Each structure stands twice: as C-alpha cells, then as structure tokens.
Amino acid sequence: MKMFTTALSWTILLQAAAVPAATSATTNPNDEVRCRRIEVTGSIVRKERVCKTRGEWRRLAEAGNGVARAVVDYSTGRPSGQ
C-alpha cells in the first residue's frame, strides 16, 4: 500500500509540474508597465518618474511621429515665409 501511495504522489506532483501557469500564457506584453524618467521642462536637473504600459508608450510615440510627419508634409512644397 505504501508503494502505491508513493507512486500516486509522484504522479500527481509530476502532472502538476508539467501544467504551465495559466497567468503566464494569458498576459499581454502591451499591458506590462514600464517607468521612465522624464526631464521636467524649465528645470536643469529635475526629472519625474512616469509609469505607463508598453501600449501607452507605443501610442504616444506614434502620435508624436504623426505630428512631426504632418508638419513636414504641410511645409513641403510651400515657398518660405508663407
């Protein structure tokens, strides 16, 4: 009986170890929080810590690139001073 109990215990332990954690499979990399130190405008040394998800940082970068692209496109083909 002891041998059966030991074998059953090992089987249960091995099966539990083989099952991956459900949380690691369902996490979205865009939901991972990242913090950055951002320089404060008007200060030489002061920096603030800003935390956002990876998706938020990506959207902010894309929005900034879109604005810069729009400025270049608007000014292209126009004479200077107008």
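Atoms considered below: every heavy atom in the structure, side chains included; atoms not considered: hydrogens, waters and symmetry mates. Everything numeric in this text was worked out from a predicted model, so none of it was measured.
Here NZ of K52 is found 15.5 Å from CZ of R34. Values are rounded to the nearest 0.5 Å. The SG atom of C35 sits 12.5 Å away from the CD atom of E48 when rounded to the nearest 0.5 Å. In this structure, E39 CD and K47 NZ are separated by 5.0 Å, a value rounded to the nearest 0.5 Å.
For the pair R58 and E56, the salt-bridge criterion is not met [side-chain N within less than 4.0 Å of a carboxylate O].
Cation-pi contact between R36 and W57: present, with separation from the ring centre below 6.0 Å and deviation from the ring axis of at most 45°.
Side-chain contact between R54 and V33 is absent, with no heavy atoms from C-beta onward closer than 4.5 Å.
Around atom CZ of R46, no more than 12 heavy atoms belonging to other residues, nucleotides or ligands sit under 6.0 Å away.
Counting only distance, with no hydrogens or angles, the side chain of S75 and the backbone of V72 share a donor-acceptor pair below 3.5 Å.
Closest approach of V50 and I38 over heavy atoms only: CG2-CG1, 3.7 Å.
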